[in-house]
Structures are given as structure tokens and as C-alpha cells.
Amino acid sequence: MFRQFRTAVADALDAAVSAAGYEVDDLGIEEPPADVDATLASSVAFPLASAAGAPPPQVAAEIAAEIDPASVDYLASVQTRGPYVNFHTDESYVTDTVTAAGADDWGQLPSRGESVVVEHTSANPTGPVHVGRARNPIVGDAISNALSYAGYDVDRHYYVNDAGRQMAVFAWAYERFDESELPAPERDKPDYDLVRYYRAGNAFLDPDDDTWPATEAEIEAAEAEIEALMKGFEGVAGGDEDAYERVTEVVDTVLDGMRQSLDRLGVSFDEFVRETRFIRDGSTDELVDRLESLDEAVYEEEAWQLDLSEFGIDKNFVFRRSNGTTLYTTRDAAHHEWKFDNYDRAVTVIGEDHKLTFDQLDLTLQLLGNDTDQLTQVFYSWVNLASGEGMSTREGTGVDLDELLDEAVERARAEVEARLDDRLRDDELTPADVDRIARQVGTGAVRFDIVAKQPAKAITFEWDRALDFEAQSAPYVQYVHARCCGIESEAAEAAVDPASDLDPERLDTPEERALVREIARFPAVIETAAEDLEPHRVAAYVRQFAETFNAFYRECPVLSAEPERASARLTLVVAARNTVANALDVLGVDAPASM
RNA sequence: GGGCGCUUAGCUCAGCCUGGACAGAGUGCUUGGCUUCGGACCAAGCUGUCGCGGGUUCAAAUCCUGCAGCGCCCA
């Protein structure tokens, strides 16, 4: 309703400005501060004042007088306050908002008929997911959800780097070492199992690391084997099926473990897209041919490179080595052309350390004739560990996502159990409920904490802060959802039904009106979050929303109100629950029915 | 040396893209509120050179510019 109202007001204001004999580029439409009881406002009188030769308040009044509220959808009245023109909504705005928000798909915008692929996480399958990387799936999944709510047809991709040196080392190490030589895995999970080989392999190859001493000759022999593997799956001379199979076994196993961890976060993918796919199908070779024929292509220091200096990138982009192998970014370019062929838009969520690489990729794709306007990247900063904090049992390697989630769920469980005794509500929580709540609250707190912040800002990870269950966190919002559910189930028992034909005059207190206003904004918040790829806006909104709901909850008892009012309020509660549930859904945070 | 990003209350952060109503939350500290639909709650109070300087504008946390600190990347 808010979006319709905003459009209607913009049209009416535009016409009013013309009718008053003015011209302006920007109508200055904005949401007024909280203490102003209007749904929309305009500061258009300021820029017009000098042309009018009159003070802004006078211009504002002049423009306001040109608008006939009766001819504008949802507009009750236009009032000025000093230089501002304020727009107040009518009763049908309340009715239509609460009715629309009663539908389960509230916030879901109509289909745009456009497809978008969101690539995120894409961590190299070398071992367990690190907490520093956890920002990627959390932000990426929320962006995907926001786009989906905004009407895009969304696919979520994990790009698997299965063709680099790292994977060759891994495949070699997996065959080179015997399980009996390795320490016990830290967890009974495939990624923890396999990472032991990878670590042992790297220690073996590093002459300075005496965990696995090796002679120079041994290292040389190993390097030769690794080189052969790389050439095999990097497609030199047509590639090598055997090398591909050897690396795939390792990749699949580790990926399976990583996928389990991401599942716990509630993050899943439509497709795991393998880098080797673009070697095997010939698209990388074909792309290299096109790159070599570009004016910017040079052959220097025994490698084919692209000179991008005229585009402001001083570093040459090497796309084929002298030995015939291609580079990661070359294959990624083929990958992106594949995306362009199959989707209308592509979004990539990626660490800020890949900025240069990404700029090179973007330019290269342009030089190859692609329209890179359809490609957007979202960068996030690394998550730092505070000194003395967060060191894993595995020394010096930081915190794994699994450890973070274990700790989060454990702390949530302690919280649930501590509160069991003084619950006002006399429902019985079974042990299964406690499990569920601990999981929902624990993982929800982690996701909310991370998604609520702008990705560009560096975060320092601290246990206590990340797992703070106080206000401005997931549980605060989840609690509102549980409250709504509680009211609804009580209402059902008391045979109070939602109003079939809502009378907006039954919702006339300031708290009810404020809640309706917040509910109405939800689709517009989704739209903005999706357009700007900024899911943290949804987090800010839902937190504010929870506060508005709690004010309503305090002032407006539902079940004890007289019957007509009780029904109207119950309808509002249903609308509020849908709003909170769907906002949390975008953020990837569970909305518990009880907690 | 070059490029990009960040800097707002003691602490953690919104607001900046698209300039406009007294700069907002949480946390912390002080005080008050459960015979009531769920107290993981609510209300009141305290806390700011919006990193620093300059510019544009009727109006700058917001736009431009120089500098500093921090982070990331490149040679």
C-alpha cells in the first residue's frame, strides 16, 4: 500500500507544482521523522522558494492548496508544517494494508520476469568453513532471498574451484598419505577428515615445516606429480580423465562436509558449478582464442596477457601461461559468459581481497563484447579475530563455522533453560522444543548479527557480542513472532476470530496506527533491499518493527477488548506476524512459534 | 609508491547512494513497571568537535576536495 500511496502522492505533487506555476527536478518526497504524524512528506518548497520569491512555508501552503485529496488514492489530507508538505493516509489505507498483510505471501512483489544468478561463498574446498568466510553465505543467502521476494527468479550458485594448484596438492596428498599416519580428525565430518591430508601435504612440500620432513628429492618428485595432475585437469592437450576423477573424489568429499555446515546455517544452493566444467566443454579455450586476438593482448615474459593500463588498471592480466595452462580468472571469464547466456543478471558476493581480480574480470568481459551492467558484485570485509579471542582448539587456525554454531546453540540452550521456570505462559516445552528453540535462537542470532551490518565494514569477531541475545538481536525479533503466535492460539481457544470485514475505526489508537504504518512499508523495504543488494536494511526494519509491535502489545490488549475490537486487533496481529515472519525469512532467521 | 574501502555516543552499529524537520538505536549507567494476550518485555533520564581542514548550497553526517588513522589489494 505504501508503494501505491507513494506513487499516487508523487503524481499529485508533480501536478500541483505545475499547477502553481513552478518547475522542479526533485519532488523531495521522504518519510517524515517519527514524531510527525504523516505517512509521507515533501521538502519541495525549499528549492522553489527562491524562484517564487517567497518563503518556503508560503510556497508549501500554495502547493498544498493545489492538491485535492479526494482525487488521490489513499490520501486523506494534505497539511503543511512550516516549509514541509505532509501527506496523511485515509481509512482505506488501513483496511487495505491489514488485509493485504493477512496473506502469507505479504512482501512478495509481483514477478519481474527476470532471472538472476547469485554466486556466493565459493570457498575453495580445502577444508572446513572458517568463520571469517561465514559472512559470505549469510549475506549471499539474504541477498538471494531479498531478490526472490522482490520478484526475481533466483538461482543460487556455489562456484567450485576444482582446477587449481591447491586441488592438485590435495589430490596428491590424499593418495600419498595413509590415514594411520595422521592425527585423529577434530570432528566426525568429511571435511575435517580430509583436511588432515591437505595439511600434511602442505607441510611435506614446505621445507621449513618439519611436521613432515622431506628431502629435496622427495619434494621435487611430489611437485612433478602435482604438476602432472594440474596439467591433466587444466585441459592441456585435451585433458586427462584420470586426473579429473582423482581430484573430483577429494573435492566432492570435502564439499559434502562444507555443505553440512552451511545447511546448519540454513544456507543451500541450487547448483555447485565446477570450474573444470568450463575447461572440459571447450569454452575456456575458445575464450582464450578470442582474448589473443584483442588489441590489448600482448605476449610478454612467456605468457599471454591483457594490457589494461588504458582502463586504469596497471597490472597486466595474465590469461595463459607459457606451458599452455590457463589461470583462474580466465576460466572465471568463461564461467561468467555462461552466466550471461543463461541469466538476465548476475550478482557475486565476494571478499574485498578479490577487488582487483574482479575489476580485471569485468573489463575483460567488456572487451569480449559482454554487457557487464548485468553483473554486480557485493564486497564484504574480512572478519577479524580479537586477540586472545576465538582461538580454536586447533591452534592458531581460528574459529570454524561449526564451532561458532555449536557455541551459539549451547548458549541459547542455557538461556532457554534458565528461563523455563519463570515463563508466564503455561505451555509445556518438551525437550524437543528446547532443542528446537536453542537451534533457532542460536543460529538466528549468528545470522542476524552478521547480516544486520553493512558488509563493507570490517568486523571483529567476539563471542560475547556475536551471541548477545539482548535487544537489537534475532531473539528480540523472534520473540515478537512467538508472541503473535501465542495470541493467535489463545484467540482460537477463546473463539475470537479475525475480522472478516475489517472496520478501520476499530484500529484507531496511535499504537495501532503506528503498527499499520510499519506493516505497510514492508514491501517497499524489500524493494529497496533488493535493488541496492543491501539486506541489512531488512534487519534494521524488522528490529524497528518489533519495537513498534511491542508498543502496540503493551497498550492494546486483544482478547480482553470488546468483541468487535478484539477481532480487529487479532486481524492486525496476524498481519504483524506475517510481516515479521517474512522479514525474518528474507534474513534467513527462523521464526519460532514458541520460545 | 599506486588503487579501493572504512572513520557517527564509553562500546557495537543504523542514517550517507537520492542534501531538508532537534543526529538515531542497542549496550552501559540511574529510576520505575508483572492478580493482565508470553518480562528474551516496556517507560523515563544521562551520554556526540558525525576523524580533521577547505569548498559547493537557502540548507552538509550526507555532495566535492586535501589530509590523517585503520583495513584490503598491487608492485
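Below, chains carry the letters A, B, ... as their sequence lines are ordered, and counting in each starts from 1.
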S.K.: B:C37, B:A14, B:A40: which one has an atom nearest the side-chain heavy atoms of A:Lys453?
M.R.: B:A14
S.K.: Rounded to whole Å, how long is the line connecting atom CD of A:Gln478 with atom P of B:C41?
M.R.: 12 Å
S.K.: With the threshold set at 4.0 Å, does a side-chain nitrogen-carboxylate oxygen contact exist between A:Glu407 and A:Arg411?
M.R.: yes
S.K.: Taking B:G55 as the reference, what is the distance to B:U62 when you measure between their C1' atoms (whole Å, please)?
M.R.: 15 Å
S.K.: Measure CE/A:Met595 against P/B:G38 and give the value in whole Å, please.
M.R.: 14 Å
S.K.: Which of these nucleotides, B:A21, B:C72, B:A40, is closest to any side-chain atom of A:Val416?
M.R.: B:A40
S.K.: Between A:Asp37 and A:Arg517 (salt bridge meaning N to carboxylate O under 4.0 Å), is one present in this structure?
M.R.: yes
S.K.: Under 3.5 Å for both donor-acceptor distances, Watson-Crick or wobble: does B:G66 have a partner, and if so which one?
M.R.: B:C52
S.K.: Base, sugar-phosphate, or nothing for A:Glu30, non-hydrogen atoms under 4.0 angstrom?
M.R.: base
S.K.: What is the pairing partner of B:U27, taking Watson-Crick or G-U wobble pairs with both distances under 3.5 Å in any strand?
M.R.: B:G10
S.K.: Could you tell me whether A:Ala49 contacts a base, only the sugar-phosphate backbone, or nothing, with contacts defined as non-hydrogen atoms closer than 4.0 Å?
M.R.: nothing
S.K.: Counting the atoms with a prime plus P, OP1 and OP2 as sugar-phosphate, which does A:Asp25 contact under 4.0 Å by heavy atoms, base, sugar-phosphate, or nothing?
M.R.: nothing
S.K.: Looking across every strand, which nucleic acid part, if any, lies under 4.0 Å from A:Ala593 by heavy atom: base, sugar-phosphate, or nothing?
M.R.: base
S.K.: Salt bridge check, A:Arg565 against A:Asp508: does any charged N sit closer than 4.0 Å to a carboxylate O?
M.R.: yes
S.K.: Return the 5'-most residue of the pair A:Val36, A:Pro557 with respect to RNA chain B, ranking by each residue's nearest nucleotide.
M.R.: A:Val36
S.K.: Ignoring the backbone of A:Tyr476, work out which of B:A43, B:G71, B:C41 is nearest its side chain.
M.R.: B:C41
S.K.: Taking N and O atoms by type only, does the side chain of A:Asn550 place a donor or acceptor under 3.5 Å from a partner on the base of B:A40?
M.R.: no
S.K.: Nearest to the side chain of A:Lys457, which nucleotide is it out of B:C41, B:C6, B:U12?
M.R.: B:C6
S.K.: Expressed as a whole number of Å, how far does the P atom of B:A14 sit from that of B:G26?
M.R.: 16 Å
S.K.: Can you figure out which of B:A21, B:U8, B:G38 approaches the side chain of A:Tyr84 most closely?
M.R.: B:A21
S.K.: Choose from B:C22, B:G38, B:C73 the nucleotide whose nearest atom is closest to any side-chain atom of A:Asp353.
M.R.: B:C73
S.K.: Counting the atoms with a prime plus P, OP1 and OP2 as sugar-phosphate, which does A:Cys484 contact under 4.0 Å by heavy atoms, base, sugar-phosphate, or nothing?
M.R.: nothing
S.K.: Any side-chain N or O of A:Arg483 below 4.0 angstrom from OP1/OP2 of B:G39?
M.R.: yes
S.K.: Ignoring the backbone of A:Ala456, work out which of B:A21, B:G38, B:C6 is nearest its side chain.
M.R.: B:C6
S.K.: What interatomic distance, in whole Å, is found between P of B:C50 and the corresponding atom of B:C11?
M.R.: 15 Å
S.K.: Students often get this wrong, so: under 4.0 angstrom with heavy atoms, is A:Ala41 touching a base, only sugar-phosphate, or nothing?
M.R.: base
S.K.: Is the phosphate of B:C72 approached by A:Tyr380 (side-chain N or O, under 4.0 Å from OP1 or OP2)?
M.R.: no
S.K.: With a 4.0 Å cut-off on heavy atoms, is A:Phe379 in touch with a base, just the backbone sugar-phosphate, or nothing at all?
M.R.: nothing
S.K.: With a 6.0 Å cut-off (strictly less than), is the heavy-atom count around CD of A:Glu301, excluding the residue itself, greater than 12?
M.R.: no
S.K.: Would you indicate which nucleotide in B:A40, B:A14, B:G20 comes nearest to any side-chain atom of A:Pro47?
M.R.: B:G20
S.K.: Using a cut-off of 4.0 Å on non-hydrogen atoms, how would the nucleic acid contact of A:Val573 be classed: base, sugar-phosphate, or nothing?
M.R.: nothing
S.K.: Please test A:Asp433 against A:Thr430 for side chain to side chain donor-acceptor pair (under 3.5 Å), starting from the C-alpha separation and ending with a verdict.
M.R.: CA-CA 5 Å; A:Asp433 284 327; A:Thr430 65; 3.2 Å; yes
S.K.: Could you identify the nucleotide paired to B:U57, looking across every strand shown and requiring Watson-Crick or G-U wobble geometry with both distances under 3.5 Å?
M.R.: none
S.K.: Do the two ring centres, one from A:Phe5 and one from A:Phe2, sit under 6.0 Å apart?
M.R.: no
S.K.: Kindly point out which of B:C42, B:G15, B:A21 is positioned nearest to the side chain of A:Arg537?
M.R.: B:G15
S.K.: Tell whether A:Asp359 reaches the base of B:C4 with its side chain through a donor-acceptor pair below 3.5 angstrom.
M.R.: no
S.K.: Identify the heavy atoms of A:Phe46 and A:Pro56 that sit nearest to each other, and give their distance.
M.R.: CD2-CG, 4.2 Å
S.K.: Answer yes or no: is there an ion pair linking A:Arg506 with A:Glu562, defined by an N-O contact shorter than 4.0 Å?
M.R.: yes
S.K.: If you check every side-chain atom of A:Gln454, which of B:C42, B:G20, B:C16 has the closest atom?
M.R.: B:C16
S.K.: Quote, to the nearest angstrom, the C1' distance that separates B:U27 from B:A40.
M.R.: 15 Å
S.K.: Stacking check: are the rings of A:Trp382 and B:G71 less than 5.5 Å apart at their centres and under 30 degrees in tilt?
M.R.: no
S.K.: According to a strict under-4.0 Å criterion, is A:Lys315 in side-chain N/O contact with OP1 or OP2 of B:A75?
M.R.: yes
S.K.: Which base, if any, makes a Watson-Crick or G-U wobble pair with B:U35, both distances under 3.5 Å?
M.R.: none
S.K.: With nearest nucleotides of RNA chain B determined for A:Leu356 and A:Asp26 from heavy-atom distances, which residue corresponds to the more 5′ nucleotide?
M.R.: A:Asp26
S.K.: I'd like the C1' distance from B:G51 over to B:C6, given in whole Å.
M.R.: 11 Å
S.K.: Considering Watson-Crick and G-U wobble pairs with both distances under 3.5 Å, what does B:G1 pair with?
M.R.: B:C74
S.K.: Given the P atoms of B:C70 and B:U31, what is the spacing between them in whole Å?
M.R.: 41 Å
S.K.: Need one value for A:Pro32: base, sugar-phosphate or nothing, where a base atom within 4.0 Å counts as base even if backbone is also close, heavy atoms only.
M.R.: base
S.K.: Regarding A:His536, tell me which of base, sugar-phosphate or nothing describes its non-hydrogen contacts under 4.0 Å with the strands shown.
M.R.: sugar-phosphate
